[in-house]
2 protein chains.
Amino acid sequence: MLSSARITKAALKLVSHHGYKGLTMAALAKSLNVAPSALYNHVSSKQDVLLLVEDHLMGRVEVCAFATEPWDAAVAKWARSYRDVFAAHLPLIPVIALLPVTNAPATVTMYEAVTQGFLAAGWARESIIDAVVALESFIYGSAYDVNAPEDIFDVGSLASEAPDFSAAVAHRGNPDAAAAIPRNDADAAFTLGLQAMIAGLAATAGPRK
Amino acid sequence: MLSSARITKAALKLVSHHGYKGLTMAALAKSLNVAPSALYNHVSSKQDVLLLVEDHLMGRVEVCAFATEPWDAAVAKWARSYRDVFAAHLPLIPVIALLPVTNAPATVTMYEAVTQGFLAAGWARESIIDAVVALESFIYGSAYDVNAPEDIFDVGSLASEAPDFSAAVAHRGNPDAAAAIPRNDADAAFTLGLQAMIAGLAATAGPRK
DNA sequence: ACCTGAACACCGTTCAAGT
DNA sequence: ACCTGAACACCGTTCAAGT
């Protein structure tokens with residue numbers, strides 16, 4: 001017998017082995033030894049399957065730090081794990097960003113823990129959601145950046161028309177152009193942006209001192 | 001005769017009238033009075049078409065403020081126009097975020113103007129790209145948020161399990177639950193996050209005072 | 001209530017054949 | 001060099017028919 005739980009599990013397995021291009025209704029059905037049409041007795045569309053997977057993954061986002069660490073450290077830990085989880089599941093980002101959280105229990109649980117962390121740190125109720133949404137926007141974009149190719153800023157033959165940009169790309173993270181210390185560009189940008197936003201949010205919308 | 005310019009223009013027209021679901025190779029060919037296979041003499045794939053459209057739209061992102069206004073005001077204006085342009089073209093975000101800028105002249109031009117703005121404000125060459133990438137990550141995520149439905153945080157029947165989150169959602173932007181002043185939630189979160197990140201970046205990675 | 005099998009209405013892409 | 005027409009290998013989804 002089919003069930004939401006079995007469908008979710010099979011979908012995750014399929015994705016981990018063949019990526020999201022391998023997650024088709026036909027392949028999903030086959031991995032469950034069932035006809036494709038049988039799936040539609042348990043989900044109403046492929047979007048529904050993606051929502052199931054999304055909600056499952058949301059349970060892997062670490063919120064425990066909100067109970068033990070100071071607000072800024074907790075936000076940083078939460079944001080980093082959130083980014084890491086969905087960097088491996090980019091096609092879900094439009095799903096999270098655009099679909100209501102109704103019927104996504106793990107997602108709601110995650111938000112509840114985050115909200116409590118903000119409240120415990122002294123944030124006003126009315127400012128929390130805007131701050132969380134701002135952080136999430138940054139997290140989603142950063143998840144894409146994790147998957148960007150190393151040569152994404154290669155200007156190629158257009159270098160002469162963009163000398164300053166080309167130089168900035170060549171010297172990224174290092175004042176010395178030649179010295180190529182191994183460096184994770186995506187992590188550097190994420191850490192920089194995250195620290196900036198956390199500090200900025202605390203100053204602008206955080207609790208009164 | 002077909003050309004990249006005509007294909008780009010036809011694709012944009014198709015998208016503006018029927019959205020990205022209406023942008024198929026067949027529809028694009030039809031709008032150009034040509035067989036679908038003819039397109040492949042000018043582009044190598046649909047991704048190629050999307051890249052053409054993306055680069056065209058990048059020309060609509062406002063960078064002029066970098067030449068006239070102080071750094072933080074210029075960044076704010078650039079970021080807002082960047083978000084507004086691609087909020088109407090969500091399917092292009094993976095394209096921008098993951099594809100090299102080679103052969104995307106308008107995109108390179110945009111980055112050159114931004115880089116010059118940072119340099120003029122006294123930023124060190126090696127910090128600029130990380131800062132721009134962090135800002136872009138936030139911009140891409142915020143473009144999604146513009147398209148989020150109003151009820152995206154409706155917990156539905158799960159309200160009892162997430163009381164603090166539910167309350168934060170109900171009071172979002174307003175200490176008074178009942179008073180429903182018309183409010184653009186996406187704009188509020190974007191403005192908050194943008195101000196936070198601009199202030200934070202200036203403090204962390206900006207020019208020495 | 002749940003599943004099968006066949007069909008439908010699409011996709012993007014290829015390729016021999018023409019001009 | 002550029003285009004046509006037909007075909008290919010897929011998609012997600014529907015629905016009558018079975019149990």
Side-chain angles (χ1 to χ4, degrees), chain A residues 1-56 89-100 103-104, chain B residues 1-56 89-100 103-104:
Chain A
M1 251 280 276
L2 244 36
S3 70
S4 293
R6 289 189 62 216
I7 291 172
T8 308
K9 199 174 173 184
L12 273 162
K13 188 170 190 175
L14 222 45
V15 167
S16 77
H17 287 183
H18 307 101
Y20 275 86
K21 70 161 185 18
L23 180 56
T24 66
M25 295 302 270
L28 186 55
K30 188 163 198 177
S31 80
L32 289 160
N33 287 112
V34 106
S37 51
L39 294 170
Y40 291 86
N41 287 307
H42 300 87
V43 295
S44 63
S45 65
K46 187 179 178 178
Q47 277 268 329
D48 236 46
V49 175
L50 294 178
L51 186 63
L52 286 173
V53 174
E54 183 255 289
D55 193 50
H56 176 95
H89 297 270
L90 290 192
L92 296 183
I93 287 177
V95 177
I96 326 172
L98 299 176
L99 249 57
N103 306 111
Chain B
M1 251 280 276
L2 243 35
S3 70
S4 293
R6 287 190 63 218
I7 291 173
T8 307
K9 198 173 172 183
L12 273 163
K13 188 169 190 176
L14 222 44
V15 167
S16 78
H17 287 182
H18 306 101
Y20 276 87
K21 71 163 186 14
L23 179 56
T24 67
M25 296 302 270
L28 186 55
K30 188 162 197 179
S31 79
L32 289 159
N33 287 112
V34 105
S37 51
L39 295 170
Y40 291 86
N41 288 307
H42 300 87
V43 295
S44 63
S45 64
K46 188 179 176 178
Q47 276 269 329
D48 237 45
V49 176
L50 295 179
L51 185 64
L52 287 172
V53 174
E54 182 256 290
D55 194 51
H56 176 94
H89 297 270
L90 289 193
L92 296 183
I93 287 178
V95 177
I96 326 172
L98 299 176
L99 250 56
N103 306 111

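To find a chain, count down the sequence lines: A is the first, B the second, and so on, and within it residues start at 1. Given the structure is predicted, the values throughout are model-derived calculations rather than measurements.
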Check your understanding: Roughly how many Å is it from CG in A/L28 to P in D/dT13, rounded to a whole number?
Key -> 12 Å
Review point. Using a heavy-atom distance cut-off of less than 4.0 Å, which residues of residues 43-54 of chain A contact DNA chain D?
Key: A/S45, A/K46
Review point. Which one is paired to C/dC10, where only Watson-Crick or G-U wobble pairs with both distances under 3.5 angstrom count?
Key: none
Review point. What are the two closest heavy atoms between B/V95 and B/P91, and how far apart are they?
Key: CG2-O, 4.0 Å
Scan nucleotides 1-5 of chain C against the protein and return all N/O pairs shorter than 3.5 Å with their distances rounded to 0.1 Å.
unit_1, atom_1, unit_2, atom_2, d
C/dC3, OP1, A/L2, N, 3.3
C/dT4, OP2, A/A35, N, 2.6
C/dG5, O6, A/S37, OG, 2.6

Review point. Heavy atoms, side chains only, cut-off 4.5 Å: are B/L2 and B/N41 in contact?
Key: no
Review point. Just one of A/D55, A/V53, A/L51 clears the side-chain contact (heavy atoms from CB on, under 4.5 Å) bar with A/L92, so which one?
Key: A/V53
Check your understanding: To the nearest Å, how far apart are B/L14 CG and C/dG12 P?
Key -> 11 Å
Exercise for review: Measure the NZ-CG distance between B/K13 and B/L32 for me, rounded to the nearest 0.5 Å.
Suggested key: 10.5 Å
Exercise for review: Grab the NZ-P distance between A/K21 and C/dG12 for me, whole Å please.
Suggested key: 19 Å
Practice item. Send over the distance from A/Y40 OH to D/dT13 C1', rounded to a whole Å. Key: 5 Å
Point to revise | Which atom of A/A26 lies closest to which atom of A/P36, heavy atoms considered | key: CA-CG, 4.2 Å
Review point. Starting at CG of B/L23 and ending at C1' of C/dC11, how long is that distance when rounded to a whole Å?
Key: 12 Å
Exercise for review: Sort out the partner of C/dG5 for me: Watson-Crick or G-U wobble, both distances under 3.5 Å, none otherwise.
Suggested key: D/dC15
